[in-house]
Amino acid sequence: MDALCGVKEWRWIDEGRAADIRFAEDPDWAIGVLDGYFTSDDVVIQPEAGREKKLLVADMDSTMITVECIDELADYAGIKAQIAEVTERAMRGELDFAEALDARVALLKGLEESAIDRCLEERVRLMPGAEALVKTMRSRGALTILVSGGFTRFAEPVGGRIGFERMIANRLLIENAALTGEVAKPIVDSSTKETTLLNAIAERGLDASETLAVGDGANDLAMIKKAGLGVAYHAKPIVAAAAGARIDHGDLTALLYAQGIPQAEWVIA
């Protein structure tokens, strides 16, 4: 640590796992120094004041869970590779999200409704640290909202398990116990995520600096840019390049460390 010029002081949050480093210089200077010094660790640079957030708005697929639900659902229809390619392009910002979602859902027409519950049980796994992050923030008074471009049939049980107070997602249309190939409108997309963040700020009377948004795909960028701490989590390049903070190595508990909360204060289910 002595090799870093401009360091005022540093201390462990949890010894050997996370530390605070205080700089005398401006944040842009610190970014340049730390990015070159810590190459295999996550670094979040932010003002010390107000670091603990009062609002969390989070993406679900590949952020709070380890998979893209529509890709896994497509596997039950035997077309995972076809749909996963479109999902990847949409998350990279190469396709219009709403159009890409409509096109993928259309390919699922006729899939038995029971495949949703099978997929949820057999494929959907929580991202490491998800429960600790959400339940700890909620226990400390933060509003927690899961807003997903995926589907309510996944977001509602997943969000409930993780501890989110609110869940927002798209609704698959079903008739005669099978998917119709359509999703209810309006579609939950990038603008929905941004609006959700802004409405929650107004509802709680918060300053934008008191908020945290996290996601991995291009449809998360709008909310990430508007949040006080906007985090790209193991994200697509377009998101990682634009976000104020990146988590490339650790799990979601890194966002508790970013708020200065040690492990002894986490809520572990």
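Sequential numbering from 1 along the given sequence is applied to the chain's residues. No hydrogens, no waters, no symmetry mates; every other heavy atom, side chains included, goes into these values. What you are looking at is a predicted structure, and each value in this text was computed from that prediction instead of being measured.
With rounding to the nearest 0.5 Å, the separation of CG in L212 from CE in M223 is 9.5 Å. Taken to the nearest 0.5 Å, the CD atom of Q46 stands 8.0 Å off from the CD atom of Q259. With rounding to the nearest 0.5 angstrom, the CE atom of M137 is 8.5 Å from the CG atom of L255. Interatomic distance, T196 OG1 to L55 CG, rounded to the nearest 0.5 Å: 10.0 Å. Atom CD of E72 is separated from atom CD of E122 by 10.5 Å, given to the nearest 0.5 angstrom. Taking CG of L206 as the start and CD1 of I201 as the end, the distance is 7.0 Å to the nearest 0.5 Å.
Between the side chains of S62 and E68, a donor-acceptor pair is found at a separation under 3.5 Å. Looking at D117 and S114, their side chains never bring a donor and an acceptor atom within 3.5 Å of each other.
Closest approach of A132 to I268, counting heavy atoms only: CB-CD1, 3.9 Å. Residues L173 and V183 share a closest heavy-atom pair of CG-C, 4.2 Å. Residue V105 comes nearest to L172 through the heavy atom pair CG1-CD2, 3.9 Å, listed as atom of the first residue, atom of the second, then distance. Smallest separation of non-hydrogen atoms from L221 and A242: CD2-CB, 3.6 Å. Of all the heavy atoms in I145 and A200, the pair that sits closest is CD1-CB, 3.9 Å. Closest of all the heavy-atom pairs between T66 and P128 is CG2-CD, 4.5 Å.
Side-chain atoms of R51 come within 3.5 Å of backbone N or O of A258 as a donor-acceptor pair. For D216 (side chain) and T63 (main-chain N/O), no donor-acceptor pair under 3.5 Å exists by modelled atom type. T180 places no side-chain N or O within donor-acceptor distance of the main-chain N or O of I174, the cut-off being under 3.5 Å. Without hydrogens or angle criteria, T192 side chain to D189 main chain gives a donor-acceptor distance under 3.5 Å. Remark: side-chain polar atoms of R104 are paired, donor with acceptor, to backbone N or O of A100 under 3.5 angstrom. Judged purely by atom type and a 3.5 angstrom limit, H234 has no side-chain atom pairing as donor or acceptor with the backbone of D251. Side-chain N or O atoms of N170 include one that pairs as donor or acceptor with a backbone N or O of V188 at under 3.5 Å. Of the possible donor and acceptor atoms, one in the side chain of D96 sits under 3.5 Å from a partner among the backbone N and O of E99.
Within a 6.0 Å radius of CZ in R138, other residues, nucleotides and ligands contribute more than 12 heavy atoms. Heavy atoms of other residues, nucleotides or ligands lying less than 6.0 angstrom from CG of D207 number more than 12. Heavy atoms of other residues, nucleotides or ligands lying less than 6.0 angstrom from CD of E85 number 12 at most. For NZ of K236, the number of neighbouring non-hydrogen atoms (other residues, nucleotides, ligands) closer than 6.0 Å is greater than 12. Counting non-hydrogen atoms of neighbouring residues, nucleotides and ligands closer than 6.0 angstrom, the CZ atom of R161 reaches no more than 12 such neighbours. Within a 6.0 Å sphere centred on CD of E175, heavy atoms belonging to other residues, nucleotides or ligands number 12 at most.
Under the 4.5 Å side-chain heavy-atom criterion for ILVMFWY residues, no single connected hydrophobic cluster contains both I238 and L95. Taken together through direct or relayed side-chain contacts under 4.5 Å among Ile, Leu, Val, Met, Phe, Trp and Tyr, M127 and V57 form parts of separate hydrophobic clusters. Under a hydrophobic clustering in which Ile, Leu, Val, Met, Phe, Trp and Tyr are joined whenever their side-chain heavy atoms come within less than 4.5 Å, directly or via other members, M60 and I83 fall into the same cluster. I65 and V147 fall into different hydrophobic clusters, defined by Ile, Leu, Val, Met, Phe, Trp and Tyr side-chain heavy atoms under 4.5 Å apart, directly or through other members. There is a path of hydrophobic side-chain contacts, each under 4.5 Å, that joins L108 to I187.
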task = Run the numbers on L143 and E165 for side-chain contact (heavy atoms from CB on, under 4.5 Å), then give the verdict.
result = CA-CA 7 Å; L143 173 61; E165 188 170 342; 3.3 Å; yes
query = Can you list the steps and then say if M64 with L126 is a side-chain contact (heavy atoms from CB on, under 4.5 Å)?
reply = CA-CA 6 Å; M64 289 291 143; L126 302 187; over 6 Å; no
task = Would you sort out whether Y233 and R246 count as a side chain to side chain donor-acceptor pair (under 3.5 Å), showing the intermediate values?
result = CA-CA 6 Å; Y233 181 77; R246 293 165 50 183; over 6 Å; no
task = Before giving the answer on side-chain contact (heavy atoms from CB on, under 4.5 Å), spell out for V231 and I224 the whole-Å C-alpha distance, their side-chain angles and the decisive distance to 0.1 Å.
result = CA-CA 6 Å; V231 180; I224 285 173; over 6 Å; no
message = The test is side-chain contact (heavy atoms from CB on, under 4.5 Å); show your working for T211 and L229 and say whether it passes.
response = CA-CA 6 Å; T211 68; L229 180 59; over 6 Å; no
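Relative orientation of the W10 and W12 rings is perpendicular, given thresholds of 30° and 60° on the angle between their planes.
Side-chain contact between M91 and F97 is present, with heavy atoms from C-beta onward closer than 4.5 Å. Counting heavy atoms from C-beta on, the side chains of D59 and K193 come closer than 4.5 Å. Using a 4.5 Å heavy-atom cutoff, the side chains of V134 and V267 are not in contact. In this structure, the side chains of I162 and L146 stay at 4.5 Å or more apart for every pair of heavy atoms. At least one side-chain heavy atom of E52 sits less than 4.5 Å from a side-chain heavy atom of I261. With a 4.5 Å cut-off on side-chain heavy atoms, L56 and F164 count as touching. Side-chain contact check for R11 versus I13: some heavy-atom pair is nearer than 4.5 Å.
Among L197, L198, N199, the one residue that satisfies the side-chain contact (heavy atoms from CB on, under 4.5 Å) test with T195 is N199. The side-chain contact (heavy atoms from CB on, under 4.5 Å) test with F154 is passed by exactly one of I116, D61, I70: I116.
Remark: K80 does not engage D71 in a salt bridge, criterion side-chain N to carboxylate O under 4.0 Å. No salt bridge links E210 with K53; every basic N to acidic carboxylate O contact stays at or beyond 4.0 Å. The residues E113 and R153 are annotated as salt-bridged, a charged nitrogen and a carboxylate oxygen being separated by less than 4.0 angstrom. Salt bridge absent: E265 and K135 never bring a charged side-chain N and a carboxylate O closer than 4.0 Å. Using a 4.0 Å cut-off between charged nitrogen and carboxylate oxygen, K185 and D102 count as a salt-bridge pair.
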